[in-house]
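To start, the structure under review is shown below, and the notes come after it.
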Amino acid sequence: MKSLLLLLLPLFLMAQPETNYEGYFDFSWDDEKGRLLLEIDNLGEEFLYVNSLAAGVGSNDIGLDRGQLGRDRIVKFEKVGEKILLIQPNQDYRAISDNPAEVKAVEEAFAQSVLWGFKIESSEGSDYVIDLAPFLLRDAHNVIGALERRGQGNYKLDKSKSAVYLDNTFSFPDNSEFEAMLTFTGKPKGREIRSVTPSPEEVTVRQHHSFIRLPDDNYTPREFHPYSGFNQSSFYDYAAPIYESMDKKYIVRHRLEKKNPNAAMSETVEPIIYYLDRGCPEPVKSALMEGASWWNQAYEAAGYKDAFQVKVLPEGANPLDVRYNMIQWVHRSTRGWSYGSSVADPRTGEIIKGHVSLGSLRVRQDFMIAQGIMSPYAEDDENHQAMMDIALARLRQLSAHEVGHTIGLAHNFASSFNDRASVMDYPHPFIDVENGSVVYNEVYDVNIGEWDKRAILYGYQDFPEGTDESDALNKIITETQESGLYFISDSDSRPAGSVHPMGHLWDNGTDPVDELSRMSKVRSFALNRMGEATITTGTPYSELEKILVPVYLMHRYQIEAVSKMIGGSYYNYAVKGDASDPNVMPVSATDQKRATDALLATLSPSFLSIPQSLLEIIPPQAYGFGRD
């Protein structure tokens with residue numbers, strides 16, 4: 001009898017194909033038919049839908065990274081006849097009104113989007129069951145479009161090689177998470193897709209889908225000001241009075257409240273906690289935690305005690321859980337950007353989940369730049385510490401920078417004019433030469449900046465009861481402007497078409513011409529020092545070329561800064577009634593002449609030449625090694 005039961009046990013298990021998941025949405029997996037049966041008991045209730053990439057392609061040039069967030073949108077399930085439709089209302093055009101007819105008039109004036117139609121599998125009263133699997137087995141992240149745009153080939157989704165990925169399918173109290181392994185087949189054309197895919201004719205990634213409960217109504221949106229330093233969430237309110245703008249703008253931020261708003265310093269009702277990817281190695285992990293933790297300094301300056309915390313993701317916790325703000329360590333085949341993004345409520349700008357993606361190769365680039373400047377291996381192949389110090393200092397600053405984006409802040413590319421007043425700038429490593437020695441004790445920031453503190457004060461200050469919030473916020477802006485802190489962001493700093501002489505990327509100092517002169521001396525010192533001492537024993541001499549390139553071009557961003565002085569103009573984001581100066585003022589003729597002379601100097605043969613002693617020891621690439 002016992003042996004008979006053992007024989008029947010596998011048959012019994014096969015007869016129980018469903019795995020049940022309970023949480024925000026209850027669902028079950030029917031393994032026999034490959035169905036993911038979602039229970040809907042909240043028809044008409046809006047929730048947030050976000051698609052993302054759980055497992056990417058691994059090439060910065062293609063841009064499909066692990067952990068990359070896609071679109072977030074408010075959706076709802078509605079029953080229409082024999083179907084359940086997933087409908088996305090139009091949040092860009094609204095009527096904030098107590099009059100239902102006025103609200104309906106705007107809703108009916110603009111198109112909605114039906115994202116999917118589902119067959120009803122079963123029902124009981126007002127509860128319905130649908131199969132979510134076909135919705136998951138589609139290219140929601142537009143991988144096909146990304147591959148085509150980047151010249152990597154024409155691909156199509158092969159459903160015969162795709163399936164629901166149960167390992168990352170869960171249901172938590174406030175969010176339900178679904179994942180699919182998708183395979184795209186086609187003829188590869190680009191070098192990048194061939195370099196990162198085992199068989200480039202079949203590209204398999206994992207796309208993720210999140211259904212997230214929307215926050216309650218206890219959050220108060222905060223008005224956007226162009227000098228606040230925050231990113232914005234906007235929509236058009238057709239119920240606004242005729243004498244007011246319909247374009248409503250809120251800043252994007254986390255919910256943060258003092259337990260005692262009347263106290264100058266108070267604990268929080270609930271702190272903001274960020275969690276670090278457990279796959280991040282040491283000493284990188286400690287550097288990232290330290291840099292991200294700098295933000296607590298800004299919250300303390302705003303009167304919050306222990307409001308911002310950084311921890312390692314607990315054992316057993318899932319980074320997909322919307323309750324965890326994540327700092328994720330991302331690997332690619334080539335060096336690329338890091339990102340700070342958020343999942344936010346489109347109605348109010350409230351951040352629900354912060355998500356940082358940090359590229360793992362960035363630290364190696366910083367190490368290599370320092371290696372090229374220092375050439376430390378004349379006597380000791382283990383003489384790595386100085387370069388490690390510089391690379392880890394950069395990681396601290398990078399962590400603070402990207403977390404800054406996820407708490408709502410925009411870039412401030414004018415902070416170098418205020419002695420590094422913001423970690424939201426792109427800083428060039430400040431390495432100097434004194435008495436023939438490299439000095440790097442101020443290579444990057446070591447704390448949060450003064451601008452960052454003022455920005456957090458505007459975005460997160462919890463005012464005492466009875467305070468006129470609009471007046472209090474305007475006072476913060478005015479005090480910031482009167483302190484001389486500048487704010488210039490992306491649209492006035494990126495090289496194409498930008499003319500603001502303060503808006504620079506990867507620069508240092510208050511005078512671009514003086515900084516170019518200083519940096520040119522460091523560059524000359526490094527080039528003349530490069531040689532055998534730049535590489536460790538056993539490294540082909542041809543590898544010097546890779547180290548030479550970033551050193552030879554280390555002044556390139558400072559050249560862009562100087563070039564903006566020619567024909568450039570000073571201006572700011574002036575608002576009537578604040579302390580800003582609305583005047584547009586051209587750069588003086590004297591400074592434009594200095595800038596022109598400085599640029600011409602970088603075109604001289606002596607500046608452009610590479611030391612002969614270096615040229616003589618860099619051969620073509622060694623066998624087995626290639627250019628990158």
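Along the sequence shown, residues carry numbers from 1.
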Can you name the residues that form a side chain to side chain donor-acceptor pair (under 3.5 Å) with Ser234, not counting sequence neighbours? none

Indicate whether any N or O donor in one side chain lies under 3.5 Å from an N or O acceptor in the other, for Thr536 and Asp381. no

With sequence neighbours excluded, give me every salt bridge (charged side-chain N to carboxylate O under 4.0 Å, His left out) pair touching residues 581-591. Asp591-Arg594

Polar contact flag, side-chain donor to acceptor under 3.5 angstrom, Ser422-Ser415: no

Does Tyr458 have Arg253 sitting over its ring (NZ/CZ under 6.0 Å from centre, angle to axis within 45°)? no

May I have the list of side-chain donor-acceptor pairs in residues 436-449 shorter than 3.5 Å, sequence neighbours left out?
{"from": "Tyr444", "atom 1": "OH", "to": "Asp366", "atom 2": "OD1", "distance (Å)": "3.3"}
{"from": "Asn447", "atom 1": "OD1", "to": "Gln297", "atom 2": "NE2", "distance (Å)": "3.1"}

Taking atom types as modelled, is there a side-chain donor on Thr478 or Asp578 under 3.5 Å from an acceptor on the other? no

Does Glu282 pair with Lys285 as a salt bridge, N-O distance under 4.0 Å? no

Say whether His500 and Asp492, considering side chains only, have a donor N or O and an acceptor N or O under 3.5 Å apart. no

Any donor-acceptor pair under 3.5 Å from Lys249 side chain to Glu223 backbone: no

Quick check: does any side chain N or O of Tyr460 sit under 3.5 Å from a backbone N or O of His254, one acting as donor and the other as acceptor? yes

Does the distance from a Lys or Arg side-chain N to an Asp or Glu carboxylate O, for Arg454 and Glu479, drop under 4.0 Å? yes

All heavy atoms of Asp345 vs all of Ile352, minimum pair found to be N-CD1, 4.0 Å

Please examine the side chains of His504 and Tyr557, heavy atoms only from C-beta on, and report whether any two atoms are closer than 4.5 Å. no

